[in-house]
Number of protein chains: 2
Amino acid sequence: MSQVAEFPSTSEADKGQPRTVKALLIIRELILEGALPPGKRISELSVAERTGISRTPIRAALQRLEEEGLVETIPSGGFAVKSFSQQDVFDAIEIRGTLEGLAARLAAERGSMARLGPLNACLQELDEVVESAIATEEGFSRYVTANARLHALIVDMAESPTLERQIERAVSLPFASPSGFVMAQALMPESHRVLFVAQDQHRCVVEAIANREGARAEAIMQEHARLAGRNLRLALHHEKALERVPGGALIRKVR
Amino acid sequence: MSQVAEFPSTSEADKGQPRTVKALLIIRELILEGALPPGKRISELSVAERTGISRTPIRAALQRLEEEGLVETIPSGGFAVKSFSQQDVFDAIEIRGTLEGLAARLAAERGSMARLGPLNACLQELDEVVESAIATEEGFSRYVTANARLHALIVDMAESPTLERQIERAVSLPFASPSGFVMAQALMPESHRVLFVAQDQHRCVVEAIANREGARAEAIMQEHARLAGRNLRLALHHEKALERVPGGALIRKVR
DNA sequence: AGTATACAGGTTGCATGCAGCAGCGACGCT
DNA sequence: AGCGTCGCTGCTGCATGCAACCTGTATACT
């Protein structure tokens, strides 16, 4: 895990990025893949050596990661990898559901119906993935992409930059993201059917938005998020599955 | 506006603070009081000169302010003061209401009833302020303090650090805070009675929490936040009142 | 006259030096 | 032997130097 010269999969399109962004991506990746264990202090110098970037941008990246919630400051100075109780994760999911619910309601109340086109297209793509290719690894991958896009489209339709920012932040805890547990589901046959339920909710929420049924859209979206909570509960009993959850290593086994 | 040697009211207890925190407080104050007009680029060097702090901590403070949402990055580099449409402000208030509503529901569902003591004490203090001293300037000030404490106690009772963080962030836009418009109300007689309504909602939400009526607590808290929206609407017609809203200078007159 | 170009000033992004502090280990004292 | 104290090492927080970049202006050319 401690290759000295090379660093994780941030290979593509790193060249033009400013150093700070590069450092942010690298450190986030290191944390999520578990290379930096929770609770451990992150030495600026060691990261600087491993990445060839000087301490200044690394420091900046760590500050941003603290805002994201992945690291925390140590009273005596510096930063440490944060860890999360299971309750924390459930709460994060509930928060996302609440905010996405608000987005869905606003989309229903004030969204421009012109946006329904892309939404429906996205729905249809998800349908195809769920119906046909869901058994394959690549199918899950496609599902994750399309699922993320659908959620983004709904948030867009709310037309509230403030809300968008807030949701972005809520989702920056990766296991709270809409796609957080999908890849884990590939390993848990008993949760395959959850995808059908999820897709049904997708259809219902879009229908509710189209009908300007704000309260309904909100309620569905909240319940939709709770599916992730159920998957988390399942994954907590599957060691292998939890490994596939981004940032799963940060979840404390004992609460 | 450009006093060279001195800076705003950050006089008390600055000595022991690290430079970064000091810079953060100073810059935030400069923005909120309107010394740095919205849209204007914040020159690191000029702030450094005005504060006597070097560029490094100033830069760090600006990054944090960007996360808070008070400044934004300029594509060509550096930071600028952000401005907000009226819709942005309403949305920010709605988001706070949603999150505080979630907090109230969680407090009702899983909060420890031992926490009701301080809550009721706080309620009583608010009662006294509202009944007697509300006509005076100092009365409003006391109201702001106690109101902030009540809101904080409710959030505490939800016992969710994640949610607490998220609410902290939502409230970092100062005009979205529970106390954002209270000081403005002092200047708007027609909104005095709003305080009675607000206090009634305080009582009701605590009662709902005590009875473990989660849905009721959530709904009341959401509606409670919308009072701030009504005050905003009033304040937008009172030039003087808007001046008393922290960060009021950042709200664009035209949407 | 209008436009394009080149130059200059200022500003950021980054690297690095330095001082101060916290943590840790070893040594001496009781 | 146990405990307290001293010294050291490594680290962070901050200051500053430097190069690249963007912007704005003035000039020259069409």
Side-chain angles (χ1 to χ4, degrees), chain A residues 2 4-5 7 10 13-28 30-31 35-68 70-82, chain B residues 2 4-5 7 10 13-28 30-31 35-68 70-82:
Chain A
S2 80
V4 179
F7 30 84
T10 33
D14 268 9
K15 213 54 200 160
Q17 294 283 20
R19 303 260 216 284
T20 298
V21 176
K22 209 166 138 188
L24 182 67
L25 295 176
I26 292 177
I27 301 175
R28 189 193 284 142
L30 285 173
I31 294 177
L36 297 173
K40 179 173 176 184
R41 175 192 213 122
I42 304 178
S43 158
E44 297 175 5
L45 200 54
S46 72
V47 179
E49 283 168 1
R50 255 196 288 198
T51 58
I53 302 175
S54 94
R55 281 179 51 220
T56 305
I58 294 209
R59 200 172 176 63
L62 286 172
Q63 280 182 241
R64 296 186 93 130
L65 284 170
E66 192 214 347
E67 298 290 332
E68 274 187 28
L70 278 183
V71 308
E72 60 190 346
T73 67
I74 302 175
S76 67
F79 301 88
V81 181
K82 216 162 160 180
Chain B
S2 79
V4 179
F7 32 86
T10 33
D14 268 7
K15 214 51 200 163
Q17 293 281 23
R19 303 260 217 275
T20 298
V21 177
K22 209 167 138 189
L24 181 67
L25 295 176
I26 292 176
I27 301 175
R28 190 193 282 142
L30 284 172
I31 294 176
L36 298 173
K40 179 173 174 182
R41 176 189 212 125
I42 304 178
S43 157
E44 296 174 5
L45 199 55
S46 73
V47 179
E49 284 169 359
R50 260 198 284 198
T51 59
I53 302 175
S54 95
R55 280 179 49 219
T56 305
I58 295 214
R59 197 171 179 62
L62 285 172
Q63 278 183 240
R64 297 187 90 132
L65 284 171
E66 193 213 348
E67 297 291 331
E68 274 188 27
L70 277 182
V71 308
E72 60 190 346
T73 66
I74 302 176
S76 66
F79 301 87
V81 181
K82 214 162 162 181

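In this text, all values refer to a predicted model and were calculated from it rather than measured experimentally.
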Are I31(B) and I42(B) close enough that some pair of their side-chain heavy atoms sits under 4.5 Å apart?
yes
Side-chain touch R28(A)/L25(A), heavy atoms, less than 4.5 angstrom:
yes
Are L65(B) and E68(B) packed together at the side-chain level, in the sense that at least one heavy-atom pair is separated by less than 4.5 angstrom?
yes
Could you list the protein-to-nucleotides 10-16 of chain D atom pairs, N/O on both sides, closer than 3.5 Å?
| residue | atom | partner | partner atom | Å |
| --- | --- | --- | --- | --- |
| dT12(D) | OP1 | I42(A) | O | 3.4 |
| dT12(D) | OP1 | E44(A) | N | 3.0 |
| dT12(D) | O3' | G78(A) | N | 3.4 |
| dG13(D) | OP1 | G78(A) | N | 3.2 |
| dG13(D) | OP2 | R59(A) | NH1 | 2.9 |
| dG13(D) | OP2 | R59(A) | NH2 | 2.3 |
| dG13(D) | O5' | R59(A) | NH2 | 2.9 |
| dG13(D) | N7 | R55(A) | NH2 | 3.0 |
| dG13(D) | O6 | R55(A) | NH1 | 3.2 |
| dC14(D) | OP1 | R19(B) | N | 2.7 |
| dC14(D) | OP2 | T20(B) | OG1 | 2.8 |
| dA15(D) | OP1 | R19(B) | NE | 2.9 |
| dA15(D) | OP1 | R19(B) | NH2 | 3.4 |
| dA15(D) | OP2 | S54(B) | N | 3.1 |
| dA15(D) | OP2 | S54(B) | OG | 2.6 |
| dA15(D) | O5' | S54(B) | OG | 3.3 |
| dA15(D) | N7 | T56(B) | OG1 | 2.8 |
| dT16(D) | O4 | T56(B) | OG1 | 3.1 |

Step by step, would you call R64(B) with E66(A) a salt bridge (Lys or Arg N to Asp or Glu O under 4.0 Å)?
CA-CA 10 Å; R64(B) 297 187 90 132; E66(A) 192 214 347; 3.6 Å; yes
Does some side-chain heavy atom of R55(B) sit less than 4.5 Å from a side-chain heavy atom of L45(B)?
yes
